[in-house]
Protein chains: 2
Amino acid sequence: MGNETGTGTRDLLIETARDLFLLQGYGATGVAEIVRVAGVRPGSLYYFFPTKEDLLIAVLEWYRDNIYEGLLQPVYERIDDPLERVFGILDGYRQMLLLTAYDQGCPIGNLALEVTNSHPRVRELLKENFVQWTDEVARNLTLAAGRLPAEIDIPGLSEYILSVMEGAIMLARTYRTIDPYDNAIAHLRDYVDRMVEDGTNWAKPSRFRHASDGEKTL
Amino acid sequence: MGNETGTGTRDLLIETARDLFLLQGYGATGVAEIVRVAGVRPGSLYYFFPTKEDLLIAVLEWYRDNIYEGLLQPVYERIDDPLERVFGILDGYRQMLLLTAYDQGCPIGNLALEVTNSHPRVRELLKENFVQWTDEVARNLTLAAGRLPAEIDIPGLSEYILSVMEGAIMLARTYRTIDPYDNAIAHLRDYVDRMVEDGTNWAKPSRFRHASDGEKTL
DNA sequence: GTCTATACAACGATAGAC
DNA sequence: GTCTATCGTTGTATAGAC
């Protein structure tokens, strides 16, 4: 096909590299393989991306710019409750693990551990992706703030949720079973439930506590 | 130097590879670099390890066989309380992040995400290392069982703690700041505190709850 | 913007003398 | 068990015609 700007080829290369990086990692994916799978010649790739790292940067920018379509929208279509939307996002990663037989985890998490000692711009984009994720979770938690304790540190809790998810994916992929992921999310749910039921929370060495029972069908 | 069994060279190669894999990853570390840093010739390396992957396996076996000396002993020397020993282990990773300026995370976690789609024996050893870690945490939690709710699922909680730690290391290394790690451990502490103070826990959809106050200076 | 052809270094691994 | 020398492949990246 080919259009006047060559955008089609550029996007094709980004999407091909994205998929291969996700499956095999950045270092294990060769430029030759990318152009072969994309059906493009090396000259075209290096026309758009002077180095392989520039292609990685474009992939990370793609993830950053497509979080809604790829991650949030499918969940938000099914779920309205903001707190359940957070757990819906987590369930999305669970489905990915099952569908790919643990071959694919979190794209950003994989790259984070592999290339974090790399070029500054890459780390910057990894951070941007993580921050975008936690900001979205925080937005949902804010919408659910009525059910959560007033003094809750929503950004901190959001970041904690990301930590749990990334670690749980790591274990599930290593064990080749969903159990560690389900276990981790169940504990996370238990933790949030305690906050909801409790009216207290926060991880700082706060030790103020008061009984306040009550059933909750979160 | 050189002894009759060549064990010295073998161990030297394992330790050199271990350090380089930790700093740069498995794929990014070349065999040529390993032998150069170790001051050994390629012929010697391939005498002991037919392939690079065999060397990786030896490194993972090293971690498995040295968890006490490298990880537990320094903590257990300072801390006696079993529950605090768990948080002491977590603090060890915190010190490593700070001392290496976020260049080094968890050796097993790094390799887990990088080579988990690799040879079965490698994944098996990654799992052995994780299980050994969670078993040790579970042992400590069992010793502290008097303070924890009776119905607690100790293996599940131990695995959850590992998930939190691995994810938190990932974020701290990406952000190049200790904040995400401290935030995650603080939330974990809060969660455990709630169990200790509460007398209830467990992440299954159990919703039985009963008040039981009491101060606790964990 | 895309093509063919290829440069040049690094890769894992091996051969064979000692 | 260790040495030197090197094989064959793949890696990223480039040159220059079209």
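Labels below follow one simple rule: chain letters A, B, ... track the order of the sequence lines, proteins then strands, and each chain is numbered from 1. All figures in this text were calculated on a predicted structure; none of them were measured in a lab.
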With sequence neighbours excluded, residues passing side chain to side chain donor-acceptor pair (under 3.5 Å) with Y46(A): none
Side chain to side chain contact (heavy atoms under 4.5 Å, CB included) partner of L188(A), chosen from V86(A), N183(A), L90(A): L90(A)
Option among E166(A), R173(A), Q104(A) that satisfies the side chain to side chain contact (heavy atoms under 4.5 Å, CB included) test with N110(A): R173(A)
For atom [atom1] of [X] and atom [atom2] of [N], their distance in whole Å:
| X | N | atom1 | atom2 | value |
| --- | --- | --- | --- | --- |
| R41(A) | dT4(C) | CZ | P | 6 Å |
| L45(A) | dT4(C) | CG | P | 15 Å |
| F49(B) | dT2(D) | CZ | C1' | 15 Å |
| L13(A) | dT12(D) | CG | P | 14 Å |
| Y46(B) | dG1(D) | OH | P | 19 Å |
| L20(B) | dC11(C) | CG | P | 12 Å |

Residue-phosphate contact under 4.0 Å: T9(A) side-chain N/O, dT2(C) OP1/OP2: yes
Below 4.0 Å: OP1/OP2 of dT2(D) and any side-chain N or O of Y47(B): no
Sidechain-backbone polar pair: T16(A) side chain, L12(A) backbone, donor-acceptor under 3.5 Å: yes
Side-chain donor or acceptor of R123(B) paired with backbone N/O of T116(B) under 3.5 Å: yes
Criterion side chain to side chain contact (heavy atoms under 4.5 Å, CB included) on L141(A) and S158(A), from CA distance to verdict: CA-CA 8 Å; L141(A) 293 180; S158(A) 304; 3.5 Å; yes
Five-pair end axes of the helix from dG1(C)-dC18(D) to dC18(C)-dG1(D) and the angle they enclose, rounded to 10°: 0°
For Y181(A), ring pair (Phe, Tyr, Trp, His ring centres under 6.0 Å) partners two or more places apart: none
Rounded distance [0.5 Å steps], CZ in R78(A) versus CD in E84(A): 10.5 Å
Selected nucleotide, minimal atom distance to F48(A) side chain, candidates dT4(D), dT2(C), dG12(C): dT2(C)
Residue pair I14(B) / F49(B), side-chain heavy-atom distance below 4.5 Å: yes
Close residues, residues 22-34 of chain B, relative to DNA chain D [heavy-atom separation under 4.0 Å]: none
Residues in contact with DNA chain D, drawn from residues 51-58 of chain A - heavy-atom cutoff 4.0 Å: T51(A), K52(A)
SB check R121(A) E124(A) (cutoff 4.0 Å): yes
Listed once per pair and sorted, the ring-ring contact (aromatic ring centres under 6.0 Å, His included) pairs that draw on residues 58-79 of chain B, sequence neighbours left out: none
